[in-house]
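Reviewing the structure listed below.
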Amino acid sequence: MKEITLSTYKMHPPLPANAETNLSDILIRNKYLEGIINSNEDRIFALDTEHRFIGFNESFVNAYVIALGKAPIIGEKVEYPYHSLTVSQTLSEAYQDAFRGSKAERLVDISGRQVLVRASPLFDDTNAIFGIAVYSIDMTETIESRKKLKNSQEEFKKVIDTINDIVFRTSAEGVFIYLNQAWEKTMGFSLEESIGKSIFDFIAPAQVEYCTELFNTVINNRGNSCTYEVPMVSKDLSIKWIKISITVLTNEFEVITGTSGILTDVTDAKRNEHLYQLVSNNIEDILSLHETDGTILYASFAVYQHLGYLQEELIGIKPFEFIHPDEREPVLLRFAHNEHNNEKNYLLYRFQHLNGTYKWLESNTKSVFDEFYNKEIIIISTRVVDERMEAEQKLMESYQKEKELNELKSKFVSMASHEFRTPMTAIKSSAEIAEMLLSSPQPDIVKIGGFLKTIDKEVDRMSQLIDEILNLGKIEGRNYFIKKEWSDIIEIAKDCSERQISKQNDGRKIPIEIIGQPRKVMVDETQIRHIIDNLLSNALKYSEGRKEPSITFIFDESDLQIHIRDHGIGIPKADQSKIFNMFFRARNTQDIIGTGVGLALVEKFVDMHHGKISFESIENVGSIFVISLPYQ
């Protein structure tokens, strides 16, 4: 057989000699037919009422040649290469429908291919049917694609309907056009009773106005997307907190057609957040999260209540600089060695308040691995323990006072047994000897007088001791009241000096030096006499056989200074911090008469005058006591 190619044929080869002339007339009357046939890429041909070709395109020629081994010719009757009677009958019915003036369409299986055949009537100028045009379109790929698309759409719908988030689409006015099955699961409303309603119909009434304004703002500003949380009312009238992620949709002309997006139920998260904030903001303890190096990740609201700092002010910093230097090292060591899970995981320290003061804090630390941060973090629970520490301090002070009181009692008993027994013994023995001398035939009046002076001296000594103890008792019991008046303190010092010199009877004097312009001072004269008496008595007593002591008055503008210097045995350095303690006596005074009460009383009297007392002393060189008193 001669090989036939498409190039062998033209679209309109010459009519055969025996062809009826009306075919040419038909083509002339329907010049548009050629344009229709040749402008279409699908297989197309046209037949007259006798089923003769009056036109075809190249695609049809190609198929015709492949099927029959020859090309179609204008004027010849069409041949049908289909062996299937069903196909032939189906197509014949379609053609007949077209010849009767109806458009006909049939889908047939031709050699395993799905072919869509469309037959349409052709009308002349008088609106009479002169033929039909037949389109043949291979739909195999299209049908498969549609099947795949349909399957894909069904699979996609299954996926959409199984996710927990609500997928939605609305009109530009907010009316629901589409909702997936998650809407029913979350809100309880069916799709039928929800689609066609406005999204605002489901928002809690108190938030409708706000959400409407927000929605309109997004639409009017043509914002691409927006996310916010709103309360929505479910079918059972419970409140659902929904996070709306919304995107504005436009067509090819940039006209807004509606919105689409996702509704996420965040009720549980919102509830948990609310509960967390409720606990965090109202619990008294400070809760905080830290990096292993101490950096603060989070601090609860209580940090502001107790320490004055805003939460955001502490995030990202290490708190060690706020800890009191005395307690900083153990806290640093705890974090340096990551010791947060041992049995003794409590820390007690002072933390600087925003106002500069310090608060006592007690912290419990715990180390955990957190999946959110994907690393180890430190959880710290801290409470303010100022009241407890104050109570403990008071308890310790009370215990210390009780301890000191017990020690004072012991010292007092020891001192009293010694200081009272010694003068009493001297008094008794002197009285017995004087009585013996008086009973002799010739009493020695001089000796008897000496013993009487001893008795008088020891009585004065006991009286002074009793007065000192009573005065201390009154001061400690806050029952001692002072009576100040303008006094000439130099005259008071002269009286005290003469009295103390007379008691020593060793020929030494106490020179007085005055610097500045003398003036009277507002003092309690009894107390001042006791102060000067005691210091001068000690100066003489502890420097016996040495250079005489001295007293100097310095009248400054603001206060009066009294310097009492001696050249005696001095005070050992180890004892100097205790010299004003009750019943305390320096170790180098054990062989010298004394009670350990005098200096304690002196310090208290000076303090009651709002003055100050200090001293400097070198053992075996001497001491100088300095008293500063305000004039008024």
Side-chain angles (χ1 to χ4, degrees), residues 457 459-505 508-543 548-566 568 579-580 582 594-616 623-632:
K457 180 180 177 181
V459 169
D460 286 344
R461 178 182 169 189
M462 290 180 63
S463 178
Q464 180 184 355
L465 176 61
I466 292 171
D467 287 343
E468 287 179 344
I469 293 173
L470 290 175
N471 285 333
L472 280 173
K474 290 179 180 180
I475 293 173
E476 293 293 337
R478 301 181 185 275
N479 293 323
Y480 194 100
F481 301 97
I482 65 175
K483 182 179 180 181
K484 293 182 179 181
E485 58 185 358
W486 291 107
S487 303
D488 188 339
I489 203 165
I490 295 177
E491 290 300 320
I492 295 174
K494 289 179 179 179
D495 290 343
C496 293
S497 177
E498 291 175 1
R499 184 166 57 254
Q500 295 302 325
I501 290 172
S502 65
K503 290 182 179 181
Q504 296 296 325
N505 197 25
R508 287 185 296 168
K509 303 295 181 181
I510 302 177
I512 297 176
E513 182 182 7
I514 300 172
I515 300 175
Q517 182 63 40
R519 54 189 290 188
K520 291 187 176 182
V521 184
M522 180 69 75
V523 294
D524 184 312
E525 188 172 328
T526 302
Q527 289 188 3
I528 293 299
R529 284 185 181 278
H530 181 91
I531 292 171
I532 296 175
D533 265 337
N534 182 274
L535 293 176
L536 291 178
S537 173
N538 288 343
L540 290 167
K541 181 169 56 175
Y542 295 123
S543 63
E548 61 189 12
S550 63
I551 180 169
T552 302
F553 291 92
I554 302 175
F555 289 90
D556 285 338
E557 292 183 4
S558 58
D559 60 10
L560 166 65
Q561 293 185 21
I562 305 172
H563 295 230
I564 297 177
R565 181 187 297 274
D566 69 65
I579 200 65
F580 293 112
M582 183 76 72
T595 63
V597 177
L599 283 179
L601 193 58
V602 164
E603 183 186 42
K604 292 186 182 297
F605 283 160
V606 171
D607 185 63
M608 292 176 72
H609 279 81
H610 304 290
K612 295 180 181 179
I613 183 170
S614 61
F615 71 92
E616 293 180 7
S623 305
I624 178 170
F625 282 80
V626 179
I627 299 170
S628 297
L629 295 174
Y631 292 116
Q632 182 173 352

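Quick note: numbers below take in every heavy atom, side chains included, and nothing from hydrogens, waters or symmetry partners. In this text the structure is predicted, and so the values were computed from the model without any measurement. Residues take their numbers from the sequence shown, with the count starting at 1.
Using modelled atom types, no side-chain atom of Tyr631 and backbone atom of Val521 make a donor-acceptor pair closer than 3.5 Å. With Ser487 contributing its side chain and Glu485 its backbone, the two residues share a donor-acceptor pair below 3.5 Å. The backbone N or O of Phe555 sits nowhere less than 3.5 Å from a side-chain atom of Arg519 that would complete a donor-acceptor pair. Checked by atom type and distance alone, the side chain of Glu548 pairs as donor or acceptor with a backbone atom of Lys509 at under 3.5 Å. His609 places a side-chain N or O within donor-acceptor distance of the main-chain N or O of Phe605, the cut-off being under 3.5 Å.
Smallest separation of non-hydrogen atoms from Leu599 and Leu535: CD2-CD2, 3.8 Å. In terms of heavy atoms, Asn534 sits closest to Gly598 at ND2-CA, 3.1 Å. Shown here for Pro511 and Pro549, the closest heavy-atom pair between the two residues is CD-O, 3.1 Å. A pairwise comparison of heavy atoms in Ala493 and Leu536 identifies O-CD1, 4.4 Å as the closest pair. In plain terms, the two heavy atoms of Ile501 and Arg508 that are nearest each other are CG2-O, 3.5 Å. Closest heavy-atom contact between Leu629 and Gly611: CD2-CA, 4.3 Å.
Distance check, rounded to the nearest 0.5 Å: NZ of Lys503 to CG of Asp533 gives 6.5 Å. In this structure, the separation between CD1 on Ile551 and CD1 on Ile564 is 4.0 Å, given to the nearest 0.5 Å. Distance check, rounded to the nearest 0.5 Å: CD of Gln527 to NZ of Lys604 gives 12.0 Å. The line from CD1 of Ile490 to OG of Ser497 is 13.0 Å long, rounded to the nearest 0.5 Å. Note: Ile627 CD1 to Gln561 CD = 11.0 Å, rounded to the nearest 0.5 Å. Atom OG of Ser550 is separated from atom CD1 of Ile624 by 7.5 Å, given to the nearest 0.5 angstrom.
Side-chain contact between Phe580 and Ile613 is present, with heavy atoms from C-beta onward closer than 4.5 Å. Contact annotation: the side chain of Ile562 never approaches that of Ile531 to less than 4.5 Å [non-hydrogen atoms, C-beta and beyond]. Taking the side chain as every heavy atom from C-beta outward, Asp566 and Tyr542 never approach each other to under 4.5 Å.
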Checking salt bridge (Lys or Arg N to Asp or Glu O under 4.0 Å) for the pair Arg529/Glu525: CA distance, chi angles, key distance, verdict? CA-CA 6 Å; Arg529 284 185 181 278; Glu525 188 172 328; 3.1 Å; yes
Apply the test side-chain contact (heavy atoms from CB on, under 4.5 Å) to residues Ile510 and Leu540: give CA-CA distance (whole Å), side-chain angles for both, the deciding distance (0.1 Å), then the verdict. CA-CA 9 Å; Ile510 302 177; Leu540 290 167; 3.8 Å; yes
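More than 12 heavy atoms of other residues, nucleotides or ligands sit less than 6.0 Å from atom CD of Glu491. Around atom NZ of Lys541, more than 12 heavy atoms belonging to other residues, nucleotides or ligands sit under 6.0 Å away. Surrounding NZ of Lys520 are at most 12 heavy atoms belonging to other residues, nucleotides or ligands under 6.0 Å away.
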